[in-house]
Amino acid sequence: MAVEQRFYTLADVAEVLNVTVRQVYALVRSGELRGIQVGGRHQWRVEHDELEAYIQRQYAKAEDALADSEAPADDDVNA
């Protein structure tokens with residue numbers, strides 16, 4: 001039975017999201033993606049559940065943006 005990895009490095013997260021490590025670092029530093037610093041060198045780690053929660057939030061944002069763009073303008077409703 002394979003054990004699921006609990007924590008990911010920023011490089012791991014970048015690979016999952018298909019972005020650069022710098023972009024992941026910016027997400028963590030901004031608080032948009034929650035992470036922790038571990039070890040003497042304070043290396044960043046992102047928990048699997050936090051990554052999944054971030055992805056779900058991004059899906060929700062995308063759905064909201066699509067719904068807003070598909071909503072009829074006020075002029076269209078009164079026409």
Side-chain angles (χ1 to χ4, degrees):
M1 179 170 97
V3 176
E4 185 176 303
Q5 187 174 346
R6 181 174 178 185
F7 289 97
Y8 296 118
T9 64
L10 297 188
D12 294 336
V13 174
E15 187 175 327
V16 169
L17 297 177
N18 197 29
V19 298
T20 67
V21 174
R22 280 183 175 236
Q23 289 172 305
V24 174
Y25 181 72
L27 290 171
V28 170
R29 294 289 293 175
S30 72
E32 197 170 342
L33 174 60
R34 291 181 62 197
I36 60 170
Q37 286 185 295
V38 296
R41 294 180 14 209
H42 304 288
Q43 297 176 346
W44 285 101
R45 295 292 184 267
V46 175
E47 193 170 10
H48 172 80
D49 292 344
E50 293 296 336
L51 177 56
E52 289 302 318
Y54 169 78
I55 292 169
Q56 290 306 313
R57 288 192 305 273
Q58 294 309 108
Y59 273 120
K61 277 185 182 179
E63 288 171 3
D64 290 346
L66 285 174
D68 289 346
S69 69
E70 292 174 355
D74 289 338
D75 294 340
D76 293 341
V77 174
N78 296 327

Exercise. At what distance, to the nearest 0.5 angstrom, does CD of Glu63 lie from NZ of Lys61?
Worked result: 13.0 Å

Exercise. Tyr8 and His48: which non-hydrogen atoms are nearest, and at how many Å?
Worked result: OH-ND1, 3.0 Å

Seminar exercise, completed: Correct closest heavy-atom pair for Glu47 and Arg6 would be OE2-NE, 2.8 Å

Any chain of hydrophobic side-chain contacts (each under 4.5 Å) joining [X] to [Y]?
X: Val19; Y: Trp44; value: yes
X: Leu33; Y: Val38; value: no
X: Val21; Y: Ile36; value: no

Exercise. Above 12 or not: heavy atoms from other molecules or residues under 6.0 Å from CD of Glu15?
Worked result: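 No, because the 6.0 Å sphere around CD of Glu15 holds 12 heavy atoms or fewer from other groups.
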
Problem set entry | Asn18 CG: over 12 foreign heavy atoms closer than 6.0 Å | no

Exercise. Just one of Leu17, Asp49, Val46 clears the side chain to side chain contact (heavy atoms under 4.5 Å, CB included) bar with Tyr54, so which one?
Worked result: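 In the set Leu17, Asp49, Val46, the residue that makes a side chain to side chain contact (heavy atoms under 4.5 Å, CB included) with Tyr54 is Leu17.
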
For this session: Please say which of Val16, Thr9, Leu10 ends up in a side chain to side chain contact (heavy atoms under 4.5 Å, CB included) with Val24.
Result: Leu10

Problem set entry | Check: Glu32 main-chain N/O paired with Arg57 side-chain donor or acceptor under 3.5 Å |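 Checking the backbone N and O of Glu32 against the side chain of Arg57, a donor-acceptor pair under 3.5 Å is found.
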
